[in-house]
Amino acid sequence: MSDVVGYEVRGRIAVVTVDNPPVNALSHAVRMGLIEQFDRAVGDDGAEAIVLIGAGRTFPAGADIREFDQPLRDPHLVVIVDHFDTIKKPVVAAIHGTALGGGLELMLGCHFRVAAPTARVGTPEVKLGIFPGAAGTQRLPRVAGLDHALELIVMGEPIGAAKAFDYGIVDEIVDGDLLGGAIVFAEKILDNGTPRRVSSEPKEGIGSPDQFAEVIQKYRDLANRRMRGQESPHEAIGSVIDGLEMPYERAVAADRERFPRCKDSDQSKALRYAFFAEREAAKIPSIGKEIQPRPVETGAVIGTGTMGGGIIMCFANAGIPVTAVETEQAALDRGMGMIEKNYQGMVDRGRIDAAEMTRRLGLISTSLDYGSAGEADLIIEAAFEDLDLKKKIFTQLDGVAKPGTILATNTSYMDINQIAAATDRPEDVIGLHFFVPANVMKMLEVVRTNMSSPEAVATGMRVARRFGKVGGLAGVSHGFVANRSRAPLVREAIFMVEEGASPAQVDEVLREFGMPMGVLAVSDLSGIDVSWRMRQSLAYLRDPEERYVHLADQLCELGRFGRKTGKGWFSYGDGGSLPVPDPEVDEIAAVVAAKQGIERRQIDDTEILDRCLYAAVNEGIKIVEEGVALRASDIDIMWQYGFGFPRWRGGIMYHADRVGLPEVLARVEEFHEAHGKLWEPSALLRELVASGGSFTGA
Ligand code: CAA
């Protein structure tokens with residue numbers, strides 16, 4: 001008897017329940033259990049129809065991803081789905097939670113489908129480097145039409161029950177008791193003699209690929225834009241096309257060959273690694289389940305500049321009332337104007353409707369008085385990057401905030417230990433480092449100081465989730481985890497331009513690798529002067545023995561601050577956004593190089609990539625060694641969600657593992673020899689190479 005799939009009969013309806021916490025993944029045991037219990041229902045004279053449901057929080061949320069590292073074991077899910085076609089008793093799927101991937105394919109195999117209003121359904125397989133290989137690419141177009149099917153299959157985003165109903169994926173929405181409603185639905189089917197619907201049968205309107213050339217191209221273009229370099233969306237489209245060209249059985253047979261190829265690809269392995277790394281990042285070993293995050297029902301944000309405005313939107317988007325605090329009315333008006341403009345943009349793009357915009361704006365109140373932040377459960381300071389200013393603000397906040405308020409600073413690199421020490425409650429102070437734009441980027445670095453309490457840190461991690469972001473823990477260190485590990489990449493990019501590469505060559509190599517933008521074009525976008533000012537304020541800390549980014553300073557001294565001044569590493573014409581190579585930069589670089597006695601040379605693309613990536617990897621492993629990051633995989637998640645690093649490459653640390661740490665160390669040593677102390681190999685890297693270890697287990 002299966003212990004993960006239950007069976008009972010209620011009246012004349014058999015109820016088969018998948019019970020495999022936490023998400024009822026369709027493991028081998030569940031697949032075996034489904035066969036056993038469906039056979040039982042078919043043979044049970046007391047059962048005239050069958051309802052399939054998930055116990056606990058969800059209908060099956062897909063295949064068990066952990067099994068993908070092993071050979072596929074019979075019975076394959078598609079065999080079960082196909083078997084449903086032959087069952088003469090009506091089978092009704094009752095869906096709640098998240099019916100994803102194999103879960104959606106299972107429900108497509110059922111003859112009817114009812115859902116709770118809060119249910120979500122989808123095929124996120126492309127995000128794991130695969131495609132809906134249990135006939136989802138064949139059945140979904142027949143059920144929902146080709147356009148809707150491709151939308152789900154290629155983009156991988158789940159949809160809500162109401163949309164699933166509109167798409168014909170769900171037949172009825174059940175308010176209240178889902179199982180009761182599904183049983184009533186099944187009885188109605190029996191009483192009315194409604195014929196079973198078999199989703200593998202040929203469907204009118206599903207014709208040849210030529211007929212659908214336009215819609216297919218639309219999704220190819222979307223995939224190229226949103227998932228550049230990723231193969232799985234194209235494999236998914238290929239499988240859908242097979243279904244248009246071949247009868248169902250042959251298309252499914254073709255999928256059987258396509259699926260293992262995708263599953264065993266490097267991209268799929270990297271994407272699966274990223275899936276689990278993301279979940280791991282949420283876990284902090286020293287903070288157990290007994291530590292309760294503090295409730296955050298209200299928020300306040302100090303400062304309504306670009307960052308502050310984005311953070312205010314995060315609160316409002318999450319439905320949390322927030323007070324925006326500024327020192328001057330004009331700044332407050334500017335900040336609120338920017339927020340309204342951003343929301344209007346979301347309405348114009350159809351992301352939210354006007355009523356939702358009004359609701360979100362209604363959650364924001366404004367004030368010129370710090371005292372009005374006093375009752376907030378969480379106050380996030382987003383003032384200028386000036387340590388004395390931040391300390392002053394925190395002392396003031398300490399004076400007005402109620403006991404228990406979490407005080408957070410959104411700094412990118414300041415010493416938060418010092419900021420916390422400016423209050424009488426350092427245990428309630430944390431860093432919340434948002435990425436630009438704060439309301440869009442999914443990463444939130446939660447910074448623990450020497451004194452932060454576990455409750456304060458747990459609250460930061462919980463808030464990340466409520467904001468729809470991924471929280472990652474960092475210790476105090478210049479640039480914390482994300483920016484500190486990225487700084488050496490920027491540094492090497494600049495050095496290589498001094499040495500003879502062009503900004504366009506450097507950026508193209510990184511784009512080719514999969515980065516959404518080249519690193520120098522990103523600097524132009526955010527403003528080269530930002531790090532220039534930071535270098536100036538920290539000049540007293542600089543080691544004179546270390547090579548310095550003179551070229552970046554020189555560009556700033558010439559007023560080339562990036563896009564906002566029309567010129568930076570590239571030029572931008574009249575307010576344009578497209579980086580155009582500028583020969584002037586080459587001339588400036590030649591002068592800067594000559595002053596340093598650097599002989600300029602041709603630099604090949606491999607050197608550019610290796611120096612950029614391995615400089616970051618070497619710093620990354622030092623960050624782990626020092627305990628500033630909990631694990632190497634957290635760095636990978638921060639790069640994905642903070643900097644747009646291609647998820648299908650796993651991350652910089654995972655990439656290094658795949659290349660092989662001995663090879664990475666050899667290159668680091670080579671660069672150390674050639675470029676000096678900035679390339680000092682990390683001790684942990686040496687240790688791992690000696691012991692045959694790895695950063696991420698890859
Ligand atoms: N396989 C194995 N483990 C899974 C899993 C899966 N499909 N889905 C979730 N889990 C695990 C998570 O790793 C996590 O484990 P830990 O607690 O040990 O970290 C636990 O379940 C809970 O997951 P979340 O923390 O993500 O919980 P959530 O409530 O935030 O989200 C979810 C739930 C929306 C289902 C989310 O977990 C998710 O998106 N899961 C993946 C869904 C998916 O990709 N399905 C398709 C799989 S491929 C497939 O189905 C192909 C096929 O059949 C042929």
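Below, each value reflects all heavy atoms present in this structure, side chains not excepted, and no hydrogens, waters or symmetry copies. Everything quoted here is computed from the prediction, not taken from an experiment. Each residue takes its place number in the sequence, starting with 1. Just follow the structure's listing: the first ligand is 1, and inside any ligand the first atom is 1.
- Taking any N or O of Gly133, backbone or side chain, none lies under 3.5 Å from an N or O belonging to ligand 1.
- A salt bridge is absent between Glu67 and Arg73: the closest approach of a Lys/Arg side-chain nitrogen to an acidic carboxylate oxygen does not fall below 4.0 angstrom.
- Looking at Gly62, Ala61, Pro132 and measuring to atom 43 (C) of ligand 1, the nearest heavy atom belongs to Ala61.
- Proximity annotation for atom 15 (O) of ligand 1: of Glu280, Arg66, Glu125, Lys127, Arg66 comes nearest, heavy atoms only.
- In this structure, Glu67 does not count as a contact residue of ligand 1, since none of its heavy atoms falls inside 4.0 Å of the ligand.
- At a 4.0 Å heavy-atom cut-off, ligand 1 touches Leu128 through the side chain alone.
- A salt bridge is absent between Asp264 and Lys269: the closest approach of a Lys/Arg side-chain nitrogen to an acidic carboxylate oxygen does not fall below 4.0 angstrom.
- The pair Arg649-Asp266 does not meet the salt-bridge criterion, since no charged nitrogen lies less than 4.0 angstrom from a carboxylate oxygen.
- Annotation: atom 27 (O) of ligand 1 to nearest protein heavy atom, Arg57 NH2, 3.0 Å.
- Regarding atom 2 (C) of ligand 1, its nearest protein heavy-atom neighbour is Asp64 OD1, 3.3 Å.
- Nearest non-hydrogen protein atom to atom 30 (O) of ligand 1 is Arg465 NH2, 2.7 Å.
- Taking the six-membered ring for Trp and the full ring otherwise, the centers of His655 and Phe513 sit less than 6.0 Å from each other.
- Across Phe68, Phe275, Phe276, heavy-atom proximity to atom 40 (N) of ligand 1 is greatest for Phe275.
- Heavy atoms of His76 stay at 4.0 angstrom or farther from ligand 1.
- Closest to atom 52 (C) of ligand 1 among all protein heavy atoms lies Ala63 CB, 3.7 Å.
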Arg226 vs Asp221, salt bridge (charged side-chain N to carboxylate O under 4.0 Å, His left out): CA-CA, chis, key distance, verdict:
CA-CA 9 Å; Arg226 303 230 188 123; Asp221 292 345; over 6 Å; no
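- If you look at Thr98 next to ligand 1, the close heavy atoms, those under 4.0 Å, all belong to the side chain.
- For atom 17 (O) of ligand 1, the closest non-hydrogen atom of the protein is Lys283 NZ, 4.2 Å.
- Nearest to atom 11 (C) of ligand 1 among the protein's heavy atoms is Pro22 CG, 4.4 Å.
- For the 3.5 Å distance criterion, the side chains of Thr137 and Asp255 qualify, holding a donor opposite an acceptor.
- Considering only non-hydrogen protein atoms, atom 5 (C) of ligand 1 sits nearest to Val23 CG2, 3.7 Å.
- Backbone and side-chain nitrogen or oxygen atoms of Ile130 are examined, and none is located within less than 3.5 angstrom of a nitrogen or oxygen of ligand 1.
- In terms of protein heavy atoms, atom 24 (P) of ligand 1 is closest to Arg279 NE, 3.6 Å.
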